[in-house]
Participant: 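Got a structure here, written out as structure tokens. Questions coming.
None of these values were measured; they are calculated from a predicted model.
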Amino acid sequence: MDDSEDDGGYLAFDTRFRKCPDEPHVLDWTVGLRRYRGDTQDDPGKLLASLTGFLAQPGYVPEDHDDWYFDVFDMRSQHAYQAFRVLIDDASLIEKALKVDSLSDEFGAIAHLDRMWVDPTVRGRGLGL
């Protein structure tokens, strides 16, 4: 029987944060979904799904090109940097969608999702959502 179809045990999310060694105002995070057997968390099954990313939390959201944010996003990947550029270049559209006057006034951090993965045996069930 496929691990994803086994009715024994339960599913649980594990969320972990850790400080980024290169930048004190950045937390790396990961969320994993595992099937646990029985009443103990001592013997989890294989990883069924995961999200990984980082949280940049300097206490403000940039209103224009900000070297600190640029460096944090650029050190991750070109995709992370492109996401940062959308945040800056389209701030007025984002503020309108969120119904806030200013991103800087409302938020002090930016979370970025780097990667989502779902085991092929359980895809199509909305686990990534």
Participant: Would you check if Trp117 and Asp119 make a side-chain contact, meaning some heavy-atom pair closer than 4.5 Å?
Facilitator: yes

Participant: Starting from Trp29, can I reach Val118 by hopping between I/L/V/M/F/W/Y residues whose side chains sit under 4.5 Å apart?
Facilitator: yes

Participant: Is the shortest heavy-atom distance from the side chain of Phe73 to the side chain of Leu87 under 4.5 Å?
Facilitator: no

Participant: Answer with yes or no after comparing the ring centroid distance for Tyr60 and Tyr69 against a 6.0 Å cut-off, counting only values under it.
Facilitator: yes

Participant: For the OG atom of Ser50 and the CG atom of Asp14, what is their distance to the nearest 0.5 Å?
Facilitator: 11.5 Å

Participant: Kindly determine whether Asp74 and Arg85 satisfy salt bridge (charged side-chain N to carboxylate O under 4.0 Å, His left out), including the steps that lead there.
Facilitator: CA-CA 10 Å; Asp74 189 49; Arg85 291 305 320 162; over 6 Å; no

Participant: Does some side-chain heavy atom of Val72 sit less than 4.5 Å from a side-chain heavy atom of Glu23?
Facilitator: yes

Participant: Restricting to non-hydrogen atoms, name the atom on Glu95 and the atom on Ser102 that form the minimum distance, rounded to 0.1 Å.
Facilitator: OE2-CA, 3.5 Å

Participant: Taking side chain as C-beta onward, heavy atoms only, is His112 less than 4.5 Å from Asp114?
Facilitator: yes

Participant: Are any non-hydrogen side-chain atoms of Cys20 and Phe54 less than 4.5 angstrom apart?
Facilitator: no

Participant: Count I, L, V, M, F, W, Y as connected when their side-chain heavy atoms are under 4.5 Å apart, and connections chain through other members. Are Leu55 and Val86 then in the same cluster?
Facilitator: no

Participant: So Leu11 and Leu48, do their side chains get closer than 4.5 Å, heavy atoms only?
Facilitator: yes

Participant: Hey, does Ile94 have a side-chain heavy atom less than 4.5 Å from the side chain of Leu103?
Facilitator: yes

Participant: Between Asp71 and Tyr81, do the side chains contain an N or O donor and an N or O acceptor separated by less than 3.5 Å?
Facilitator: no

Participant: Report yes if some heavy atom in the side chain of Gln57 is under 4.5 Å from a heavy atom in the side chain of Val26; otherwise report no.
Facilitator: no

Participant: Can you tell me how far CG of Leu33 sits from CG of Leu47, rounded to the nearest 0.5 angstrom?
Facilitator: 7.5 Å

Participant: Determine the minimum heavy-atom distance between Ile88 and Pro62, stating which atoms define it.
Facilitator: CD1-CG, 3.4 Å

Participant: Would Phe70 and Phe84 count as a close aromatic pair, with their ring centres under 6.0 Å?
Facilitator: no

Participant: Would you say CZ of Arg123 has more than 12 non-hydrogen atoms from neighbouring residues, nucleotides or ligands within 6.0 angstrom?
Facilitator: yes

Participant: So is Arg35 actually on top of Tyr10's ring, under 6.0 Å and inside 45° of the axis?
Facilitator: no

Participant: Step by step, work out the side chain to side chain contact (heavy atoms under 4.5 Å, CB included) result for Val61 and Ile110.
Facilitator: CA-CA 7 Å; Val61 174; Ile110 298 172; 4.2 Å; yes

Participant: Which heavy atom in Ala80 sits nearest to a heavy atom in Ser77, and how many Å separate them?
Facilitator: N-OG, 3.0 Å

Participant: Taking all non-hydrogen atoms of both residues, which atom of Phe13 and which atom of Val31 are closest, and how far apart?
Facilitator: CD2-CG1, 3.9 Å

Participant: Which heavy-atom pair separates Thr121 from Lys46 by the least distance, and what is that distance?
Facilitator: OG1-NZ, 4.2 Å

Participant: Looking at Met116, I want to see if its CE is surrounded by more than 12 non-hydrogen atoms of other residues, nucleotides or ligands under 6.0 Å.
Facilitator: no

